[in-house]
Amino acid sequence: MQEPALLPFLLHIAGAAALLIWSVRLVRTGVERAFATQLRQSLRHASGNRVLAAGTGTLAAMFLQSSTAVAVLVANFVAKGSLAPAIGLAILLGADVGSAVVSQILLIPQDFLVPLLLLAGVVLFLRGQSGTLRQTGRILIGLALIFASLDMIRDATAPMVDSAGTQAVMAYLGRDIFTAFAVGALFAWAVHSSVAAVLLFVTLAAQSLLPVEGAAAMVLGANLGGAFIAYVLTLASPASARQMICANLLLRGGGAAVLLLVLAQRPDLLDYLGADASRQAINLHLAFNAALALAALGLIHPFSALAAKVVTSAPDSNATTLAEISALDPHAMNRPGRGLDSAARELLRMGQKIEGMLNATGPLYDQWDATAATAIREQDKTVKKIHFEIKLYLAQLGRDGLDEDLAKRSMELAGISTAFEAASDTIVRSLLTLAKRRDSEGFAFSEVGRREIGDFLDRVQGNVHLALNVMMNQNPAEARDLVEAKEKVRAVEQKLQRNHLGRLREGLTESIETSSIHQETLRSLKQINTSFSMVGYPILARTGDLLKSRLS
């Protein structure tokens, strides 16, 4: 039989793999944009027990189609003290199972669903009246493209089944499972998606191109590569967050390596997992992660303690402090466009500092920390200094006159800087004061009231993060989501205020004692959210999506 042309084959398989990787990312980003707040709240509420935590992690990974995305979210909670590292590890173990379940679901033949998902997804994305509907459309389109990409891989590989050259390469991977394991790990890390990697390997096995031993080894390698992705993404995180990530890397990566050694001696064990190569490989993925989660859930505290001994904070005495350099370029005065770009960079730095202040404030509502409060106040002084320097710089930049577009942009940056400074001021003058007052007066929130404040803070933190992303990418769709989120925050704040008044009418002691603190905290968080939503208005004004007046 004539050998199929190598170049067209490589082009088709590379294109199909690229579509698969991008489709998985499309679904994940759609879920993050539409349901980020709900996911953050669910993960934070999972601190009750390890089984609940693992179950929450499983569901979160199924929605996000990525255990890595769950790991990054959980790392943020652990870094802020909202979750214990051991509970965070339990969530990650569950997320690994969820990722394996997603791989099982996506491999089910669903040809009739592709046109249906595309039709529904495009209609929702183009005609949806809210950000949530549009992102739901994005998710449906992503799912349809995942199925389509898998069909493309099957079609591209079908002519290669009888190719001697292809069979030789794949047979080698089947014989040398340690090389196959390394290739699987490297591929999963390179594409930043263990789901996409597993789907590709299993599809190749289903086409009889990849022997079951090679497919199994590459799937196990993808587990190591998937765990390593989160390790790299959290290298700059505090030690507590890295401890949890390292513990999961040790369990998932080490467990995959141990199982590989077992299969090297007993390849016949794969026969118990299914009738064909693809089913054995995908079932191995699920069985491995489920067994690992069940076995490790009872040992999360010892593993967390071991990780804490291995991963420690760098001693401050040996740390080198690097002076922060302002992005404001004094040499750009005669180049206004470049000068405005440097002002935007400095404004982003200002926003990131305020985001850090807000994240550090939440734990103070549970336990007052004078050192943390002092650090927040010092950061506020830095923010005010940056605000003053930005205003002065913009004034000097326009001294010789700017054209209409540059003058408008200068005013927009000045307005955002003022809004950011107001948010910083609200954190220090309101939130810090309220947290200190609760501690000094010995009051405690009701369980429901404290959960409401935590959930509302999660929502505002998510919008602050979105605002900073919009500052960087200037994406009109995300700017619209940001402005729409402002209205959602206002509606949620009003609902929470009504809930609080209802508890007061019921005479709940904790609610009466903390009434003013509770209500002022909600109002302050709403003000901070409003300040950051200002980032989206100039972008929507340029695209014509913003009305000049809300009056009829």
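Counting begins at 1 with the first residue of the sequence. Since we're looking at a predicted model, the values are computed, not measured.
Using a 4.0 Å cut-off between a side-chain N of Lys or Arg and a carboxylate O of Asp or Glu, D380 and K353 do not qualify as a salt bridge. Taking 4.0 Å as the cut-off between side-chain N and carboxylate O, K384 and E421 count as a salt-bridged pair. Taking the charged nitrogens against the carboxylate oxygens, E452 and K495 have no contact shorter than 4.0 Å, which rules out a salt bridge.
At a threshold of 4.5 Å between non-hydrogen side-chain atoms, the residues L525 and L431 count as touching. L358 has its side chain within reach of L457: a pair of non-hydrogen atoms, C-beta onward, lies under 4.5 Å apart. Between H500 and S515 the shortest side-chain heavy-atom distance falls below 4.5 Å. At least one side-chain heavy atom of Q135 sits less than 4.5 Å from a side-chain heavy atom of D481. In this structure the side chain of F125 never reaches within 4.5 angstrom of the side chain of L140, judged on heavy atoms. Counting only heavy atoms from C-beta outward, the side chains of L496 and D455 never approach each other to under 4.5 Å.
For the residue pair S326 and Y393, no side-chain donor N or O sits within less than 3.5 Å of a side-chain acceptor on the partner. In this model, no donor atom of one side chain and acceptor atom of the other lie less than 3.5 Å apart for T530 and R490. Under 3.5 Å, the side chains of E355 and H465 contain a donor-acceptor pair of N or O atoms. Between the side chains of T132 and K488, at least one donor-acceptor pair of N or O atoms lies under 3.5 Å.
Between the S99 side chain and the D96 main chain, no donor and acceptor come within less than 3.5 Å of each other. When atom types are taken as modelled, the side chain of E346 and the backbone of A327 share a donor-acceptor pair closer than 3.5 angstrom. No side-chain donor-acceptor contact under 3.5 Å links T68 to the backbone of A230. Side-chain atoms of S410 do not come within 3.5 Å of backbone N or O of L406 as any donor-acceptor pair. For the pair T374 (side chain) and A370 (backbone), a donor-acceptor distance under 3.5 Å is present.
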For this session: For side chain to side chain donor-acceptor pair (under 3.5 Å), just list the numbers for S430 and R523, CA-CA rounded to whole Å, side-chain angles, deciding distance to a tenth of an Å, and then say yes or no.
Result: CA-CA 10 Å; S430 181; R523 277 193 286 267; over 6 Å; no
Exercise. Between V489 and F456, is a side-chain contact (heavy atoms from CB on, under 4.5 Å) present by the stated rule, with each step listed?
Worked result: CA-CA 8 Å; V489 164; F456 197 58; 3.6 Å; yes
Exercise. Do I376 and L364 pass the side-chain contact (heavy atoms from CB on, under 4.5 Å) test, and can you show the C-alpha distance, the side-chain angles, and the key distance before you say yes or no?
Worked result: CA-CA 11 Å; I376 293 172; L364 300 183; 3.9 Å; yes
For this session: Check step by step if side-chain contact (heavy atoms from CB on, under 4.5 Å) holds for V27 and I141.
Result: CA-CA 8 Å; V27 174; I141 293 171; over 6 Å; no
Problem set entry | side-chain contact (heavy atoms from CB on, under 4.5 Å) evaluation trace for T56 with L52 | CA-CA 6 Å; T56 303; L52 174 62; 4.0 Å; yes
For this session: Start with the C-alpha distance between N469 and E478, add both sets of side-chain angles, then the distance that settles side chain to side chain donor-acceptor pair (under 3.5 Å), and finish with yes or no.
Result: CA-CA 8 Å; N469 286 344; E478 291 191 354; 5.3 Å; no
For this session: Decide salt bridge (charged side-chain N to carboxylate O under 4.0 Å, His left out) for E484 and R134; before the verdict, give the C-alpha distance in whole Å, the side-chain angles of both, and the deciding distance to 0.1 Å.
Result: CA-CA 12 Å; E484 288 179 349; R134 287 194 296 275; 3.4 Å; yes
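Atom OG of S23 is separated from atom CG of L145 by 4.0 Å, given to the nearest 0.5 angstrom. Note that the CD1 atom of I386 and the CD1 atom of I354 stand 8.5 Å from one another [nearest 0.5 Å]. The structure places CD1 of I245 at 9.0 Å from CG of L249, a figure rounded to the nearest 0.5 Å. Interatomic distance, CD1 of I390 versus OG of S417, reported as 4.0 Å (0.5 Å rounding). Taking NZ of K408 as the start and CG of D403 as the end, the distance is 12.0 Å to the nearest 0.5 Å. The CD1 atom of I300 lies 12.0 Å from the CG atom of N248; values are rounded to the nearest 0.5 Å.
Residues passing the side chain to side chain contact (heavy atoms under 4.5 Å, CB included) test with A344 are R409, L413, sequence neighbours excluded. Residues forming a ring pair (Phe, Tyr, Trp, His ring centres under 6.0 Å) with Y231 (at least two apart in sequence, or on another chain): F228. Remark: L392 pairs with F388, Q396 by the side chain to side chain contact (heavy atoms under 4.5 Å, CB included) rule, at least two apart or across chains. With sequence neighbours excluded, the residues satisfying side chain to side chain contact (heavy atoms under 4.5 Å, CB included) with R542 are E412, Q474, P538, I539. The ring pair (Phe, Tyr, Trp, His ring centres under 6.0 Å) search around F532 returns F420, not counting sequence neighbours. Remark: R429 engages D425 in a side chain to side chain contact (heavy atoms under 4.5 Å, CB included) (not counting sequence neighbours).
Taking both residues in full, the closest heavy atoms of L482 and N463 are given as CD1-O, 3.5 Å, listed atom of the first, atom of the second, then distance. For the residue pair I229 and A188, the shortest heavy atom distance occurs at CD1-O, 3.4 Å. Considering all non-hydrogen atoms of both residues, S424 and M357 come closest at OG-CE, 3.3 Å. Between G339 and S342 the shortest heavy-atom distance is O-OG, 2.6 Å. Nearest heavy-atom pair across R242 and T234 is CG-O, 3.1 Å. In terms of heavy-atom proximity, V102 sits nearest to A61 at CG2-O, 4.0 Å.
In this structure, M471 places its CE atom where more than 12 heavy-atom neighbours from other residues, nucleotides or ligands lie under 6.0 Å away. Within a 6.0 Å sphere centred on OH of Y537, other residues, nucleotides and ligands contribute more than 12 heavy atoms. Atom CD of E404 has 12 or fewer neighbouring heavy atoms from other residues, nucleotides or ligands inside a 6.0 Å radius. The neighbour count for W22 CH2, taken as heavy atoms of other residues, nucleotides or ligands under 6.0 Å away, does not exceed 12.
Each of D366, T433, I517 was compared with R438 under the side-chain contact (heavy atoms from CB on, under 4.5 Å) criterion, and only I517 meets it.
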